[in-house]
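Presented below is the structure to which this report refers.
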Amino acid sequence: MKFNVSSTALLARLQSISRVIASKNSLPILDNFLFRLEGEQLTLTASDTETRLETSLEVTGVEGSGVFAVAAKILLDPLKELPEQPLTFDINDDNLEIFIHFQNGKYNFIGTRGDTYPEERALKEDTVAFDIDAPTFLSGISRTLFASADDELRPIMNGIYFDLRPEDLTFVASDGHKLVRLRNLAIHAPEKASFILPKKPANLLRGLLAKEEGMARIEFDSNSAHITCGNFKMVCRLIEGRYPNYNSVIPQENPYKVTVDRLTLMNALKRVSVFANPASSLVKLRLSHDEILISAQDIDFLTSAEEMIPCSFDDDELSIGFKATYLIEILGNIASSDVVLELADPSRAGVIVPAENDENEDLLMLLMPMMLND
């Protein structure tokens with residue numbers, strides 16, 4: 001087997017799929033990249049036991065075809081240091097001795113048989129499929145992933161819930177303290193369906209989709225999903241189980257509505273929260289006519305801070321406490337210049353929405369309050 005390939009093109013593709021490889025694998029073969037040469041098409045695969053990533057590129061000077069595996073570390077580290085130049089791979093089909101020839105030298109090592117590499121997980125007959133453009137897919141993942149949980153007792157919460165309906169697609173994530181619901185009205189499914197995408201493939205997709213502009217095809221059954229887009233294909237195991245009814249926890253009528261500049265509020269919270277108790281990160285918001293007093297204190301170290309910012313608010317005075325780190329995170333994942341805080345009382349969840357939604361989008365974020373001592 002023999003072929004020529006650009007060093008930077010090969011490195012870019014290997015790096016894009018390498019993040020799926022786990023630091024400790026139960027199967028030693030999964031420490032390797034799988035190379036499959038068919039005609040002038042070189043397909044590269046990386047996998048752990050749950051998620052598989054595949055990409056392909058054109059090669060030249062092809063002699064023969066076949067499958068072999070190469071240790072990820074032995075290939076990635078030297079390629080990072082090579083300037084752009086053609087590489088010639090020369091593989092002995094009998095003993096899998098591999099020579100990589102380049103401008104000023106060569107590498108020589110032994111590959112691994114590729115036929116022991118795990119096969120792609122096939123979908124069942126009850127497959128549901130839909131198309132979504134890459135920027136919309138990326139936006140949905142990016143703005144919800146931070147709210148997903150790390151809960152061993154409730155693994156169902158450790159991912160992003162995709163709720164497909166004929167009228168829209170809703171992305172949902174929650175850890176019990178905060179919740180994000182992003183409805184996209186431009187995507188319509190042929191039937192009602194849903195799946196839960198785990199955190200690791202969601203994180204991988206966030207990196208991959210940033211470089212894509214076309215459409216992504218998502219096909220899924222009750223166990224796995226196949227996601228195909230431009231330069232890559234992902235096959236991943238889904239989280240199985242019934243996601244909680246997220247709409248039931250969203251307050252339908254919060255009478256107090258405050259409009260405030262998002263960056264002003266976020267930056268004030270960052271400053272004031274430095275003086276909060278590190279264990280609780282509790283900040284207090286006291287709303288009065290057209291202003292918010294943000295305060296925090298740490299009784300143990302006798303530190304405190306308060307800051308006043310302008311807002312648009314006409315109702316009675318109200319005080320409510322939130323975990324600063326969660327509120328800052330929520331504000332950082334909203335694009336609108338102004339946000340609306342919808343509140344009821346100090347013990348009920350606060351709803352944060354953008355003053356203006358993007359076209360065909362309806363974004364809502366929810367945050368549970370913390371008890372105030374006063």
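Worth knowing before you read on, the calculation uses all heavy atoms, side chains too, and leaves out hydrogens, waters and symmetry mates.
Ring to ring, Phe162 and Phe171 are close: their centroids are under 6.0 angstrom apart.
Around CD of Glu84, the count of heavy atoms belonging to other residues, nucleotides or ligands within 6.0 Å exceeds 12. Residue Glu213 places its CD atom among 12 or fewer non-hydrogen atoms of other residues, nucleotides or ligands, all under 6.0 Å distant. Other residues, nucleotides and ligands place more than 12 heavy atoms under 6.0 Å from the CZ atom of Arg206. Atom CD of Glu307 has more than 12 heavy atoms from other residues, nucleotides or ligands within 6.0 Å. No more than 12 heavy atoms of other residues, nucleotides or ligands sit less than 6.0 Å from atom CD of Glu356.
Listed for the His289 side chain is no donor-acceptor partner under 3.5 Å among the backbone atoms of Asp314.
Look at Asp362 and Arg181 and you find a salt bridge, because one of the NZ, NE, NH1 or NH2 atoms lies within 4.0 Å of a carboxylate O, short of that distance. Under a 4.0 Å N-O distance rule, the pair Lys200/Asp48 qualifies as a salt bridge. Ion pairing between Lys124 and Asp126 fails under the 4.0 Å rule for side-chain N and carboxylate O. Look at Arg237 and Glu50 and you find a salt bridge, because one of the NZ, NE, NH1 or NH2 atoms lies within 4.0 Å of a carboxylate O, short of that distance.
Taking the side chain as every heavy atom from C-beta outward, Arg52 and Arg121 never approach each other to under 4.5 Å. In this structure, Val339 and Val260 have side chains that are in contact, with non-hydrogen atoms separated by less than 4.5 Å. Residues Arg13 and Asn231 are in side-chain contact: their nearest non-hydrogen atoms beyond the backbone lie under 4.5 Å apart. Looking only at side-chain heavy atoms (C-beta outward), His226 and Met234 stay at 4.5 Å or farther from each other. Side-chain contact between Pro278 and Asp298 is present, with heavy atoms from C-beta onward closer than 4.5 Å. Side-chain contact between Leu366 and Pro251 is present, with heavy atoms from C-beta onward closer than 4.5 Å. In this structure, Lys80 and Gln15 have side chains that are in contact, with non-hydrogen atoms separated by less than 4.5 Å. For the pair Thr170 and Arg165, the minimum side-chain heavy-atom distance is below 4.5 Å.
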Practice item. Please step through side chain to side chain donor-acceptor pair (under 3.5 Å) for the pair Tyr243 and Asp163, ending with a clear verdict. Key: CA-CA 10 Å; Tyr243 202 79; Asp163 190 6; over 6 Å; no
Review point. Going through the distances and angles, do Thr127 and Glu219 end up as a side chain to side chain donor-acceptor pair (under 3.5 Å)?
Key: CA-CA 6 Å; Thr127 300; Glu219 301 165 278; over 6 Å; no
Review point. Is there a ring pair (Phe, Tyr, Trp, His ring centres under 6.0 Å) between Phe275 and Phe301 once you walk through the steps?
Key: CA-CA 9 Å; Phe275 298 86; Phe301 290 94; over 10 Å; no
Point to revise | Stepwise side-chain contact (heavy atoms from CB on, under 4.5 Å) check, Val172 with Thr144 | key: CA-CA 6 Å; Val172 184; Thr144 52; over 6 Å; no
Point to revise | side-chain contact (heavy atoms from CB on, under 4.5 Å) between Ile17 and Glu54, intermediate numbers included | key: CA-CA 7 Å; Ile17 63 172; Glu54 201 173 273; over 6 Å; no
Check your understanding: How far apart are the C-alpha atoms of Asn184 and Leu182, what are their side-chain angles, what is the distance that settles it, and do they pass the side-chain contact (heavy atoms from CB on, under 4.5 Å) test?
Key -> CA-CA 7 Å; Asn184 190 295; Leu182 174 61; 5.8 Å; no
Exercise for review: Just do the salt bridge (Lys or Arg N to Asp or Glu O under 4.0 Å) check on Glu361 and Arg143 with the steps written out, would you?
Suggested key: CA-CA 12 Å; Glu361 280 191 353; Arg143 287 192 279 174; 2.5 Å; yes
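One finds the NZ atom of Lys323 at 11.0 Å from the CD1 atom of Ile328 (value rounded to the nearest 0.5 Å). Atoms CZ and CD1, on Phe137 and Ile218 in that order, are 3.5 Å from each other to the nearest 0.5 Å. Rounding to the nearest 0.5 Å gives a distance of 13.5 Å between CG of Leu197 and OH of Tyr161. In this structure, CG in Leu285 is found 8.0 Å from OG in Ser295, a value given to the nearest 0.5 Å. With values rounded to the nearest 0.5 angstrom, His177 atom NE2 is found 4.5 Å from Tyr326 atom OH. The structure places CG of Leu327 at 5.5 Å from CD1 of Ile352, a figure rounded to the nearest 0.5 Å.
Using a 3.5 Å distance cut-off with no hydrogens or angles, the side chains of Ser222 and Glu240 do not pair a donor with an acceptor. Side-chain polar atoms of Asn4 and Thr88 form a donor-acceptor pair below 3.5 angstrom.
Ring geometry, Phe130 versus Phe220: the interplanar angle exceeds 60°, so the pair is classed perpendicular (tilted spans 30 to 60°).
Between Ser273 and Ala324, the shortest heavy-atom distance links the atoms CB-CB, 3.5 Å.
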